[in-house]
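Heads up, the thing below is written out as structure tokens.
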Amino acid sequence: KWFLHTAWRDITDKKNAEQKEKIYYSRLEKLLEIERNILSAQSAENISHTALKHLREILDCHSAIAALFDEETGRYKIIALDSSMPTTVELGNSYALEGTPDTFVEEGRYNLVNNLAADGIKSQLDEELFSAGIRSKVNLPIIINGSVAGFLILSSAVYDNFNAEKINMAQEVAVSISLALQHANFIEQINKQNLELERKIDERTFRLRQTISELESFSYSVSHDLRAPLRSIGGFSQALIDDYSKVLDEEGLMLLNKVIAASQRMSDLIDALLMLSRITRSEMSIEPVAISSLVDSIAGELIRQYGEGRNIELVIQPGLKVEGDAKLLRIALENLLSNALKFTKYNGNTVIEFGRTIIEGEKAFFIRDNGVGFDMTYSNKLFGAFQRLHNMDEFEGTGIGLATTKRIILRHQGKIWAESRLNEGTVFYFTINRAVENGD
């Protein structure tokens, strides 16, 4: 008998332990599901709602409520609830909860009422819950950034329903809800900032378009209104030379020729400015460009125009390709190659090279010449409009070419720079958004 009693007791204890273990793992699985649902929810309402039903089932209670503090009303607003019994508590209702919220900030603090009738009804929410049959409840704080932002309110129709184990589980969920709400608030703030940023961008874009429109009007005015008087100045000066050259002395003719040259230079500057303006505004058409062939074509045309009688060696690395706007790239290369020809014109033997190299791990194209070079002290002025590093009498030009080239390279998401030494030549490096390997 003793043996049978002991065996029966051992079997009973084992079954009880297995049952407790089964209940424990079932609750743990439901807690994990609550965690997953909370993490996947996006808004405060969704975060709370996904947790309440499962939590109510785990704790075997009749009502679960999530309330957040509403700054406009100074009360706590119901944002989510789940109840197995009819009640007047509804979504959107607001209540003044008992107690001072700050008293709940301390870790582990909560407000447990095991008997609503005996402990007294302390709030309108208590009255509505009690009328619905609720007899015990526990309020757990939802804490965000160290302050009480709301409450998780669990209630039951049974007295003394919430033991230490249930409260511990509820506190874990309250902490998860707090963290999820904090994350949701952070996302909401980011979204608000993004909307404000988009509004500012739209506003600045509108202003920029207005400015561009004004610049286009100005460009039109420059193109038409300023050209007419320039043509008149140049034309009348030439007429004086043609019709009165016998009357004018040598100095008079020299002055008139200077007027004609100055008006022509002004006309060239206007053309260059308009080109710079058009390049800034023009639409880009991205396509594969055989840049080696393009350099060869441009250099050949420039040498035929400006290199007559000169000993010029042209070295071009074959097969190089890029993706870009062919028309804009032609303008940029024309500026760089014409500079190379211009600043080597006093050389007995001119050498101009085009190719590609690696600089600090990045592929860069280069155009190198053996011309007069420049002092790198002034390299910061190189790509500015109307900036010149050489005397106008020695080397003609508008001072706009390199500024135009830089804008073209920037529009191709690249960069351009130069290295030089006086009387030792210059090399211009530039990158394009994407270079294609030889033969590709």
Side-chain angles (χ1 to χ4, degrees), residues 23-24 26-70 75-95 97-99 101 104 109-114 116 123-144 148-158 161-185 187-188:
I23 293 172
Y24 170 77
S26 176
R27 287 180 174 177
L28 181 60
E29 181 62 32
K30 287 184 178 180
L31 283 174
L32 290 174
E33 187 174 356
I34 290 173
E35 293 279 351
R36 288 192 293 267
N37 289 333
I38 288 173
L39 291 174
S40 64
Q42 298 296 318
S43 66
E45 292 78 4
N46 288 338
I47 289 168
S48 303
H49 180 73
T50 55
L52 297 188
K53 183 175 184 188
H54 294 292
L55 182 60
R56 189 177 62 75
E57 292 175 354
I58 293 174
L59 302 184
D60 191 24
C61 60
H62 296 89
S63 175
I65 298 171
L68 290 184
F69 182 69
D70 187 346
R75 294 160 69 88
Y76 289 88
K77 183 178 180 181
I78 306 299
I79 64 166
L81 65 88
D82 187 84
S83 178
S84 64
M85 54 198 305
T87 174
T88 56
V89 180
E90 296 179 351
L91 287 175
N93 287 4
S94 61
Y95 301 92
L97 297 184
E98 71 275 11
F104 291 91
R109 287 298 300 271
Y110 55 89
N111 182 13
L112 175 63
V113 179
N114 285 317
L116 268 175
S123 70
Q124 180 187 347
L125 180 59
D126 284 350
E127 289 181 5
E128 295 186 31
L129 292 174
F130 188 79
S131 298
I134 294 299
R135 294 298 177 261
S136 62
K137 69 164 192 169
V138 60
N139 289 0
L140 300 106
I142 296 173
I143 299 173
I144 298 179
V148 174
F151 291 93
L152 180 60
I153 306 161
L154 306 172
S155 56
S156 173
V158 179
N161 183 66
F162 299 100
N163 56 28
E165 182 184 358
K166 288 184 177 182
I167 290 174
N168 285 337
M169 284 192 289
Q171 284 180 312
E172 288 184 22
V173 175
V175 170
S176 297
I177 290 176
S178 297
L179 293 174
L181 289 175
Q182 187 170 337
H183 177 72
N185 286 343
I187 296 298
E188 184 179 359

Walk me through it: do D82 and R56 pass the test salt bridge (Lys or Arg N to Asp or Glu O under 4.0 Å)?
-> CA-CA 8 Å; D82 187 84; R56 189 177 62 75; 2.5 Å; yes

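- Remark: the backbone N or O of A157 is paired with a side-chain donor or acceptor of H62 at under 3.5 angstrom.
- Counting only distance, with no hydrogens or angles, the side chain of S136 and the backbone of V158 share a donor-acceptor pair below 3.5 Å.
- With hydrogens and angles ignored, the 3.5 Å screen pairs a side-chain donor or acceptor of N168 with a backbone N or O of A164.
- Between the K166 side chain and the L59 main chain, a donor and an acceptor come within less than 3.5 Å of each other.
- Across L140 and I167, no two heavy atoms sit closer than the pair CD2-O, 4.2 Å.
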Give the C-alpha distance, both sets of side-chain angles, the deciding distance and a yes or no for side chain to side chain donor-acceptor pair (under 3.5 Å) between K137 and N161.
-> CA-CA 8 Å; K137 69 164 192 169; N161 183 66; over 6 Å; no

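- Aromatic rings from F69 and Y76 are positioned such that their centres are separated by under 6.0 Å.
- Proximity of F162 to L112: side-chain heavy atoms (C-beta onward) are separated by under 4.5 Å at one or more points.
- Nearest approach of L52 to A64, heavy atoms of both residues: CD1-O, 3.4 Å.
- By the 6.0 Å and 45° rule, R135 stacks over the aromatic ring of F130.
- With respect to Y95, the side chain to side chain donor-acceptor pair (under 3.5 Å) criterion is satisfied by exactly one of E128, E127, R75: E128.
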Where do V89 and L125 land on the side chain to side chain contact (heavy atoms under 4.5 Å, CB included) test, with the steps shown first?
-> CA-CA 8 Å; V89 180; L125 180 59; 3.7 Å; yes

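- Between I65 and I78 the shortest heavy-atom distance is CG2-CD1, 3.3 Å.
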